[in-house]
Asks: 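Dumping the structure here so I can ask a few things about it.
First listed ligand is number 1; within each ligand, the first listed atom is number 1.
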Amino acid sequence: MEKIVINGPSILNGSVKISGMKNAAVAVVFATIAVNDECIIDNLPNISDINLALKILEKMGAVVEKIDENKYKIDTRPISTIMAPDEDVGKMRASYYIAGASLARFGVCKVGLPGGCDFGSRPIDQHVKAFEAMGAKVKIDEGYIDASVVGGMKAANVYFDCVTVGGTINAILASVRSEGVTVIDNAAREPHIVDLANFLNFCGADITGAGTDTIKIKGNKQLHGCEYTLIPDMIEAGTFMIAAAATGSELMIENVIPKHLESMTSKLSETGIVFEEGDESLLVKRKTTELRPINIKTLPYPGFPTDMNPQTAVLLCCINGSSRINETIFNDRFRYVNELKRMGANIDVDNGIATIVGGQRLRAANVRAVDLRAGAAMILAGLVAEGSTSIEDIFYIERGYDNIVEKLSSIGASIKKVQIQDFS
Ligand code: EPU
């Protein structure tokens with residue numbers, strides 16, 4: 001086992017290149033099951049969730065070939081089972097996309113319930129509602145999503161009772177080969193939903209409205225493979241934005257779509273941080289004035305992302321005065337707060353709202369990554385704290401950040417991975 005050790009405080013400089021988006025990549029990789037052909041996917045991030053997704057496809061019979069570090073050829077034609085390996089699907093959230101994709105292709109699925117980060121209850125009732133609207137009989141039984149439909153999935157009108165990224169993706173996947181037009185209302189609008197729709201359209205699907213709250217899918221049984229390049233990861237970019245802002249550094253963030261970052265740049269500008277947008281880059285300028293505290297509410301896209309809640313808390317710890325983060329998506333997202341308190345943070349959480357009184361320098365400490373984004377926040381805290389911070393349970397961080405230690409080290413951070421001695 002390894003841990004990350006950071007010697008802070010750090011000043012960052014130079015430029016960093018953002019990798020492909022995790023949450024688009026997991027959707028597109030599992031969507032290849034529905035496509036039933038050979039696809040070449042480029043800009044896949046080198047993270048453990050993608051390695052696991054590719055392993056699951058291989059175990060189901062797909063032929064997966066690495067073309068280069070971030071480019072894979074995936075041929076799902078040989079898949080003849082709907083059984084995904086239980087020991088693997090429980091390790092990631094996105095494995096439930098196998099359900100939508102298998103229903104589209106085989107009219108049946110049996111997939112173990114997904115794992116992923118623990119932010120409290122993460123129900124899948126809206127996924128089930130969409131599958132049922134399309135004619136499937138669904139049982140959630142003994143840890144499985146067990147569903148089947150006679151004569152293929154039917155076009156339907158699906159109205160989501162809450163805005164759900166996973167539910168929207170599963171509804172698109174399940175309907176992509178059905179006859180007729182499926183309409184999803186109150187759909188999620190995240191860039192990764194647009195990316196999945198673009199990928200499927202390259203494969204011959206007819207999906208319109210992705211990126212708005214009404215998506216129409218005209219089913220097509222004859223999908224074909226394609227070559228597709230994934231969009232860059234806005235949350236990885238946001239994490240580097242905070243790294244620069246919290247350490248008072250100037251940093252060029254390359255390979256981004258600035259439009260996707262606007263929910264973060266507009267809000268964070270209220271602190272006084274200055275951003276300069278290029279065509280495919282964002283410059284975070286070195287701070288020249290004292291930053292101001294702000295109040296943030298997490299919301300579905302284009303609101304401020306819940307996946308930036310923990311990292312932003314670190315920035316707010318560095319700003320004099322009282323800031324607030326109101327978390328409206330996940331009821332247990334503040335599990336990182338106890339770890340930040342070990343580093344001297346003054347944070348009080350009440351009823352889904354964290355009040356952060358910032359201004360005193362964080363202290364180095366031994367902390368844990370309690371989930372993926374919480375782990376990223378611990379790295380950021382280690383960059384601003386004085387002394388040597390060590391972070392355990394870094395497998396969470398490796399699920400979603402491509403070479404984060406190497407990237408930070410290349411822009412001036414004193415950060416490394418070290419082996420933890422096993423005394424057992
Ligand atoms: N919800 C329901 N019923 C459902 C589905 C969702 O009540 O059937 C609720 C959830 O409990 C939550 C809200 O709806 O309160 C939003 O959940 P959503 O379905 O949008 O989340 P998700 O699909 O499980 C994805 C990302 C998360 C990200 C959220 C919100 C993937 C694989 N995961 O999760 O990413 O936080 O959307 O944007 O795409 C991460 O990357 O660190 C991560 C956790």
Asks: Taking 4.0 Å as the limit for heavy-atom contacts, which would you say applies to Pro123 with ligand 1: side chain only, backbone only, both, or neither?
Replies: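 Both of them.
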
Asks: Which is closest to atom 9 (C) of ligand 1 in terms of heavy atoms, Cys162, Ala130, Gly167, Ser95?
Replies: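 Going through Cys162, Ala130, Gly167, Ser95 one by one, Cys162 has the nearest heavy atom to atom 9 (C) of ligand 1.
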
Asks: Just checking Lys267: does its NZ atom have more than 12 heavy atoms from other residues, nucleotides or ligands closer to it than 6.0 angstrom?
Replies: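 Yes, enclosed.
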
Asks: Does a side-chain N-to-carboxylate-O contact under 4.0 Å join Glu132 and Lys129?
Replies: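 Looking at Glu132 and Lys129, the cut-off is not met.
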
Asks: Given that the side chain starts at C-beta and the backbone is N, CA, C, O, which of these parts of Gln126 lies under 4.0 Å from ligand 1, counting heavy atoms, or is it both or neither?
Replies: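 For Gln126, the contact with ligand 1 is made by both the backbone and the side chain.
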
Asks: Test your reading of the structure: does Thr164 have an N or O sitting under 3.5 Å from an N or O of ligand 1?
Replies: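 Checking ligand 1 against Thr164, an N or O pair does fall under 3.5 Å apart.
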
Asks: Please indicate whether any nitrogen or oxygen in Ile329 is less than 3.5 Å from any nitrogen or oxygen in ligand 1.
Replies: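 There is such a contact, yes.
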
Asks: At their closest point, which heavy atom of Met264 faces which heavy atom of Gly238, and how far apart are they?
Replies: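 Of all heavy-atom pairs spanning Met264 and Gly238, the closest is SD-CA, 3.8 Å.
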
Asks: Does Ile169 have a heavy atom less than 4.0 Å from any atom of ligand 1?
Replies: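 No, that is not the case, since the closest heavy atom of the residue is not under 4.0 Å from the ligand.
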
Asks: Could you tell me whether Val165 approaches ligand 1 through its side chain, its backbone, both or neither, with non-hydrogen atoms closer than 4.0 Å?
Replies: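 The answer is both.
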
Asks: Among pairs that include at least one residue of residues 134-154, which meet salt bridge (Lys or Arg N to Asp or Glu O under 4.0 Å), considering only residues two or more places apart or in two chains?
Replies: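 Output for this query is empty, none listed.
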
Asks: Which of these, Phe330, Tyr401, Tyr396, has its nearest heavy atom closest to atom 29 (C) of ligand 1?
Replies: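 It is Phe330 whose heavy atom sits nearest to atom 29 (C) of ligand 1.
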
Asks: For Arg373, is at least one N or O under 3.5 Å away from an N or O on ligand 1?
Replies: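 Arg373 vs ligand 1: N/O contact under 3.5 Å present.
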
Asks: With no hydrogens and no angle check, just 3.5 Å: does a side-chain donor-acceptor pair link Arg333 and Asn309?
Replies: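 No, because no side-chain N or O of Arg333 sits under 3.5 Å from a partner of the opposite role on Asn309.
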
Asks: Walk me through it: do Lys55 and Glu87 pass the test salt bridge (charged side-chain N to carboxylate O under 4.0 Å, His left out)?
Replies: CA-CA 11 Å; Lys55 185 166 126 194; Glu87 66 280 13; over 6 Å; no

Asks: Quick check on contacts: which atoms of ligand 1 are under 4.0 angstrom from a heavy atom of Arg93?
Replies: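 Answer, ordered by atom number: 24 (O).
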
Asks: What do you reckon, is CZ of Phe202 surrounded by more than 12 foreign heavy atoms closer than 6.0 Å?
Replies: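 No, CZ of Phe202 has 12 or fewer neighbouring heavy atoms, counting only those of other groups under 6.0 Å.
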
Asks: Go through the steps to decide whether Asp233 and Lys22 satisfy the test salt bridge (charged side-chain N to carboxylate O under 4.0 Å, His left out), and finish with yes or no.
Replies: CA-CA 7 Å; Asp233 196 311; Lys22 167 179 92 78; over 6 Å; no

Asks: Taking the non-hydrogen atoms of Ala188, is any one of them nearer than 4.0 angstrom to ligand 1?
Replies: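 No heavy atom of Ala188 comes that close to ligand 1.
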
Asks: Could you list which atoms of ligand 1 come closer than 4.0 Å to a heavy atom of Thr306?
Replies: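 It comes down to these atoms of ligand 1: 30 (C), 36 (O).
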
Asks: Provide the number and element of each atom of ligand 1 under 4.0 Å from a heavy atom of Gly166.
Replies: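 Once the distances to Gly166 are compared, the set is 19 (O), 23 (O).
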
Asks: Under 4.0 Å from a heavy atom of Tyr96: which atoms of ligand 1 are those, numbered in the order shown and with their elements?
Replies: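 Every atom of ligand 1 under 4.0 Å from some heavy atom of Tyr96: 22 (P), 23 (O), 24 (O).
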
Asks: Using the salt bridge (charged side-chain N to carboxylate O under 4.0 Å, His left out) criterion, which residues pair with Asp393? Sequence neighbours excluded.
Replies: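 Testing Asp393 for salt bridge (charged side-chain N to carboxylate O under 4.0 Å, His left out), a comparison that skips the adjacent residues, returns Arg368.
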
Asks: What part of Asp307, side chain, backbone, both or neither, has a heavy atom within less than 4.0 angstrom of ligand 1?
Replies: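 Asp307 to ligand 1: side-chain contact only, backbone stays beyond 4.0 Å.
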
Asks: Heavy-atom distances under 4.0 Å decide this one: backbone, side chain, both or neither, for Lys22 against ligand 1?
Replies: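 For Lys22, the contact with ligand 1 is made by the side chain alone.
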
